[in-house]
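I have placed the structure first, in the form of structure tokens, so that the comments after it can refer back to it.
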Amino acid sequence: MSHSSSLHHFLRHVSIPPDPHFLPTAFKSCPTLPLARALHAAAEVTGLVRDPFVASSLLHAYLRLGTTVDARAVFDGMPRPQRTVVGWSALVAAHAARGDAGGAWRLLEEMRRDGGVEPNVITWNGLVSGLNRSGRARDAVVALARMHGEGLLRPDATSVSCALSAVGDVGLVSVGEQLHGYAVKAGCRVDACVVTALIGMYGKCGRAAEIVQVFDESSHVDVASCNALIAGLSRNTQVSEALRLFREFVGRGLELNVVSWTSIVACCVQNGKDLEAVELFREMQAQGIEPNSVTIPCVLPAFANVSALTHGRSAHSFALRKGFLHDVYVSSALVDMYAKCGRVKDARTIFDAMPSRNVVSWNAMIGGYAMHGEAVNAVRLFHSMLVCKQKPDMVTFTCVLAACTQAGLTEEGHHYFKEMHNEYGVSPRMEHYACMVTLLGRAGKLDEAYDLISDMPFEPDGCIWGSLLGSCRVYGNVDLAEVAAEKLFRLEPENAGNYVLLSNIYASKKMWDGVNRVREMMKDVGLKKEKGCSWIDIKNKVHMLLAGDDSHPMMTAIIEKLKQLNIQMRKLGFVPSTDFVLHDVEEQEKDDILAVHSEKLAVALGLISTSPGTTLRVIKNLRICGDCHEAMKFISSFEGREISVRDTNRFHHFRDGKCSCGDYW
DNA sequence: AGTAATTTAC
């Protein structure tokens with residue numbers, strides 16, 4: 001017999017204390033549904049349920065515990081005069097909050113028709129707010145329109161702010177503007193919540209100018225509106241403006257709270273300023289503001305991006321201490337952080353311990369395996385996901401296909417590509433096609449890859465053609481390479497890599513006129529090349545190294561170490577690959593030590609700053625080149641070090657002169 | 001009567 005029914009049994013036969021306040025107090029604080037039902041049974045047996053206070057507190061307890069059915073039964077059991085607008089409003093709000101728009105509307109009709117009770121502002125606001133909170137944004141807007149349209153009640157500041165929030169979520173900026181106008185006319189434009197909601201709405205609708213305008217026109221500055229301003233600017237890529245204003249708020253001595261700090265950290269992370277985010281997170285704590293369960297998933301991607309495993313670990317132990325690991329956001333972000341910091345096993349430990357998982361959690365773990373080339377584990381976990389009745393989404397398939405691509409599982413990849421649409425109704429998007437093109441290209445099936453591109457239901461982007469061009473380089477297919485390159489030169493004329501690739505293909509076939517033609521084209525267009533940049537976490541500090549930049553304080557020692565490494569590598573038979581020198585248009589002077597790629601600088605720094613045998617973890621903003629890849633294999637062997645390099649594509653674990661990618665990436 | 005605005009992971 002279960003605990004709850006024995007409790008039920010117990011309470012049926014035990015007298016309730018004679019104190020008339022006992023039951024209402026008990027219902028108010030009642031933590032579980034079984035207990036509420038047991039107390040309810042006792043109230044029925046004793047007849048106390050006829051007391052209006054008892055019935056009403058029971059009604060609210062049931063609604064708070066999420067059962068509208070039990071609540072409705074209690075309400076229907078109440079004598080008609082007791083079924084007031086308060087009870088009706090609570091029922092309407094509860095249905096709305098559960099996303100049951102139809103049920104909420106029916107109740108509204110019923111209270112008028114059968115109950116003879118007219119809804120008031122609170123009833124309507126409960127309806128609008130509940131629909132908004134349950135994600136029924138359009139229904140919330142409809143509710144507000146009906147409230148206004150009936151002409152019996154005027155929407156107040158609460159109605160307007162709820163509706164604005166809903167409008168922002170669905171991007172109905174014209175409705176938002178109408179609400180803005182109404183707020184001015186109705187005199188609630190100055191209400192603090194309305195100000196914040198207006199800023200939020202304009203922020204979500206991409207109206208950066210209006211955000212600032214609403215803020216500037218508001219005479220009263222409170223923390224919530226400042227936070228909304230920061231978040232709005234961040235959403236609209238105005239990072240530096242957000243940072244400037246944040247500093248100004250700090251300077252003005254405004255009482256910024258955890259939400260303010262979380263917002264600015266999130267702003268930096270979402271706009272690629274990871275090191276700034278890490279610094280602000282530190283500063284926040286120095287100011288005595290303790291991170292909450294939202295701050296942690298906001299800052300973790302920054303740690304993951306710069307491979308700050310030490311910071312990630314302390315965030316983990318903090319989350320553990322605070323009991324945040326039950327939060328699916330926190331744990332999913334930890335899974336991702338550990339995977340990106342090279343610790344798939346730790347990621348899996350977190351994943352396995354999660355009390356509940358959603359599609360994002362599964363994707364993070366599957367993606368983690370994919371990143372590490374562990375295709376078998378990725379596919380296995382995908383099947384567990386299906387067994388657990390978790391519906392896969394488009395990200396899931398991106399991860400599964402990427403895993404197949406990394407490991408060269410051509411058949412399996414094909415299978416999942418077909419299955420995603422046929423079995424799971426997920427239409428393939430650009431990234432899925434990109435995986436398939438890479439998968440086919442890697443297997444040498446260049447014509448099949450080209451046919452797939454030709455059959456795509458939308459215009460292929462640069463990644464698709466770039467992938468095909470890369471495979472053409474590997475298999476020496478000049479004809480297809482020319483087709484791909486032509487598309488690429490139109491799609492991304494400033495991308496130097498494409499010219500270099502095509503030129504290399506010509507060179508490998510000794511087609512010198514082709515080489516010259518490409519070289520002429522490169523002169524004509526202004527080329528852009530993303531600066532190579534690597535990060536390495538040494539003794540709890542993240543170091544950033546840029547190719548061709550000697551500003552690191554240890555640069556002299558780094559260069560010395562690199563020279564040493566070069567001598568040793570050549571002794572062991574390492575030949576610098578001229579192929580990959582051509583990859584790099586900036587690298588004109590081969591002997592210039594500063595032209596070394598950033599990952600080599602990072603590894604050299606790691607070697608001289610850590611004790612022998614320590615694993616080095618480097619991450620890089622571009623894909624690792626073949627020359628560096630070869631060099632890493634040599635270094636791992638004669639330095640006796642494990643080196644892991646995470647590039648934009650995947651992890652490379654170098655150990656004993658071998659790489660986990662099996663030299664295909 | 002007790003309804004409202006700001007921050008979150010793949």
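Quick note on labels: first sequence line is chain A, next is B, and so on, each numbered from 1.
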Exercise for the section: Remember a base hit wins even if backbone is also touched, and classify A:R235 as base, sugar-phosphate or nothing at under 4.0 Å, heavy atoms. Expected result: sugar-phosphate

Practice task
Answer with base, sugar-phosphate or nothing: what part of the nucleic acid does A:A231 contact at a heavy-atom distance below 4.0 Å?
Solution key: sugar-phosphate

Problem - N-O pairing of A:E374 and A:R348 below 4.0 Å - result: no

Exercise for the section: Report which part of the nucleic acid A:V86 touches: base, sugar-phosphate, or nothing (heavy-atom distance under 4.0 Å, all strands). Expected result: sugar-phosphate

Exercise for the section: Scan side-chain atoms only and decide if A:T295 and A:N292 contain a donor-acceptor pair under the 3.5 Å cut-off. Expected result: yes

Exercise for the section: Would you mind classifying the nucleic acid contact of A:N132 as base, sugar-phosphate or nothing, using non-hydrogen atoms under 4.0 angstrom? Expected result: sugar-phosphate

Fill in the blank from the handout: Nearest heavy-atom approach of A:A339 to A:G368 is CB-CA, 3.7 Å

Exercise for the section: Mind checking A:S89 for me? I need base, sugar-phosphate or nothing, with any heavy atom below 4.0 Å counting as a touch. Expected result: nothing

Problem - A:R247/A:E283 ion pair, N-O < 4.0 Å - result: yes

Exercise for the section: Name every residue in residues 188-222 of chain A that has at least one heavy atom under 4.0 Å from any atom of DNA chain B, in order of residue number, or write none if there are no such residues. Expected result: A:D191, A:C193, A:T196, A:K204, A:D222

Problem - Side chain A:N132, main chain A:V128, donor-acceptor under 3.5 Å - result: no

Exercise for the section: Would you tell me whether A:T349 and A:D346 have side-chain atoms, one donor and one acceptor, within less than 3.5 Å of each other? Expected result: no

Practice task
Would you indicate whether the side-chain heavy atoms of A:L309 and A:Y338 approach each other to under 4.5 Å?
Solution key: yes

Exercise for the section: For residues A:L172 and A:R138, determine if any side-chain heavy atom of one lies less than 4.5 Å from a side-chain heavy atom of the other. Expected result: yes

Problem - Salt bridge present between A:R282 and A:E279 (N-O < 4.0 angstrom) - result: yes

Exercise for the section: Answer with base, sugar-phosphate or nothing: what part of the nucleic acid does A:S361 contact at a heavy-atom distance below 4.0 Å? Expected result: nothing

Handout entry: Bracket string, DNA chain B, 5' to 3' - pairs by Watson-Crick or G-U geometry under 3.5 Å, | interstrand
Key = ..........

Exercise for the section: Report yes if the side chains of A:L229 and A:F249 come closer than 4.5 Å at any heavy-atom pair, otherwise no. Expected result: yes

Problem - Contact boundaries on DNA chain B for chain A, cut-off under 4.0 Å to non-hydrogen atoms - result: B:dA1 to B:dC10

Practice task
Tell me what A:N120 touches on the nucleic acid: a base, only sugar-phosphate, or nothing, going by heavy atoms under 4.0 Å.
Solution key: base

Handout entry: Pair A:R72 + A:E110: basic N to acidic O under 4.0 Å
Key = yes

